[in-house]
Amino acid sequence: MHCSRCDAPAIVDQPYRGMHLCRAHFLASVEARARSEFHRQLPGFAGRTVAVAVSGGKDSAAALFLAHRYFARRPTVRVRAISVDEGIAGYRSNGLAAAARLAERLGVEHQIVRAEASLGTTTDRAAAELPGVVPCSFCGVWRRQLLNRTAREVGADALVLGFNLDDLAQTTLMNLVHGELDRLVRMAPHRVRQDGLVPRIAPLATVPEREVYLYVRLRELPFDHAECPHAGRASRNLFREIVWQLEEAQPGTRQALLTTRERLVAALLREEPAGAPTRCRACGEPAAGGLCRACEYLRLAVHDSAETAPGVS
Ligand code: SF4
Ligand SMILES: [Zn+2]
Ligand SMILES: [Zn+2]
């Protein structure tokens, strides 16, 4: 099979747009899609600091590399990397080492925020304390809060996340199926800027997961392949399977889900513009009301009835 753009042999098949691409055209196509998402999600960007959340996995490795490449043409913008160490034995330390290697190779400052020091607990310990709760529920909430807080503290104007097309299609479907329209509105990439929340952007939003994998392999970026030991209990696994089957049967489903989400969010915001978020009464971070979800989970996990969550101020 030849490339749809030149005579070289194709290395990737893109049934969702009827293309086959050679190595050079594939790399260029990922970079062009990321560039176009940076333009689209950060229109008229005049900020000075861009933070990239890096876990050490393939998606965030690609996001950091592409952000560094994109902003290299703008010397007034500083790109920096932030990792969260959730405290997951035998897993996270390898990812953090891979993230550190990539940051060093690119010459990007890399900061690691540890859940133990910032929250007073870890995902492993909370998972043991709360056997009835799927660990991703609190782990994801805590990570988002630590990333937002750290990005805000370093003066970041945007927080780049490694979400790929599959991730965003799965999250859209999950929120639709659960009827959680408010979460659909709050999902990255952000359309509305809210006080205290660093806007999260997703430059890989139109790149499928397997193409992100191929991209990091071809660019020889360091990343960790391991799967989190808690991942087996995530409800996302079911949606990953469903979205995959739908995409196989009807190429273009993932992109259609994202377009549906964008239209729905635009309609919802016309009907009811997003108000300013309230502040959590314990930690002061943005919250939907009363306690933020991070503090709710902390209360459960550390059996702490005090008003102020440990380490969160
Ligand atoms: S898979 Fe779940 S528990 Fe593991 S790091 Fe991700 S969110 Fe945390
Ligand atoms: Zn080609
Ligand atoms: Zn809180």
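Atoms within each ligand, like the ligands themselves, are counted from 1 in listed order. The chain is numbered in sequence order, starting from 1.
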Student: Do Glu86 and Phe138 have side chains that get closer than 4.5 Å, going by heavy atoms?
Tutor: no
Student: Minimum heavy-atom separation for Ala67 to Val52, with atom names?
Tutor: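 Where Ala67 meets Val52 most closely, the heavy atoms are CB-CG2, 3.9 Å.
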Student: SG (Cys292) to the Zn ion (ligand 3) to SG (Cys295): angle, nearest 10 degrees?
Tutor: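 It is 110°, given to the nearest 10°.
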Student: Identify the protein heavy atom lying closest to atom 2 (Fe) of ligand 1, giving its residue, its atom name and the separation to 0.1 Å.
Tutor: Cys136 SG, 2.3 Å
Student: Once rounded to 10°, what is the value of the angle centred on the Zn ion (ligand 2) between Cys6 SG and Cys3 SG?
Tutor: 110°
Student: Taking side chain as C-beta onward, heavy atoms only, is Leu146 less than 4.5 Å from Leu119?
Tutor: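 Contact flag for Leu146/Leu119 side chains = yes.
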Student: Nearest to the Zn ion (ligand 2), which N, O or S atom of His25 do we find?
Tutor: ND1
Student: Before moving on, can you tell me the angle at the Zn ion (ligand 3) between the SG atom of Cys283 and the SG atom of Cys280, to the nearest 10 degrees?
Tutor: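 My answer is 110°, to the nearest 10°.
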Student: Give me the nearest non-hydrogen protein atom to atom 8 (Fe) of ligand 1 as residue plus atom name, then the distance to 0.1 Å.
Tutor: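 Here the nearest protein heavy atom works out to Cys139 SG, 2.3 Å.
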Student: Which of the numbered atoms in ligand 1 are under 4.0 angstrom from any heavy atom belonging to His230?
Tutor: 3 (S)
Student: Any side-chain heavy atom of Met19 sitting closer than 4.5 Å to one from His25?
Tutor: no
Student: Pick one: which of Arg143, Gln145, Arg114 meets side-chain contact (heavy atoms from CB on, under 4.5 Å) with Val84?
Tutor: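 So, applying the side-chain contact (heavy atoms from CB on, under 4.5 Å) to Val84 and each of Arg143, Gln145, Arg114, only Arg143 qualifies.
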Student: Could you check, using the six-membered ring where one of them is a Trp, whether Phe45 and Phe38 have ring centers closer than 6.0 angstrom?
Tutor: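 When the ring centroids of Phe45 and Phe38 are compared, they turn out to be at least 6.0 Å apart.
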Student: Considering only non-hydrogen protein atoms, determine which one is nearest to atom 7 (S) of ligand 1 and report residue, atom name and distance to 0.1 Å.
Tutor: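 Its nearest protein heavy-atom neighbour is Arg143 NH2, 3.5 Å.
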Student: Flag the pair His68 / Tyr70 as yes when their ring centroid distance falls below 6.0 Å, and as no otherwise.
Tutor: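 No; Tyr70 has its ring centre 6.0 Å or more from that of His68.
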Student: Considering only protein heavy atoms, which is closest to atom 4 (Fe) of ligand 1, and at what distance to one decimal place?
Tutor: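 Answer, as residue, atom name and distance: Cys228 SG, 2.3 Å.
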Student: Please confirm whether Glu227 approaches ligand 1 to less than 4.0 Å, judged on its heavy atoms.
Tutor: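 Judged by the 4.0 Å heavy-atom criterion, Glu227 does not count as contacting ligand 1.
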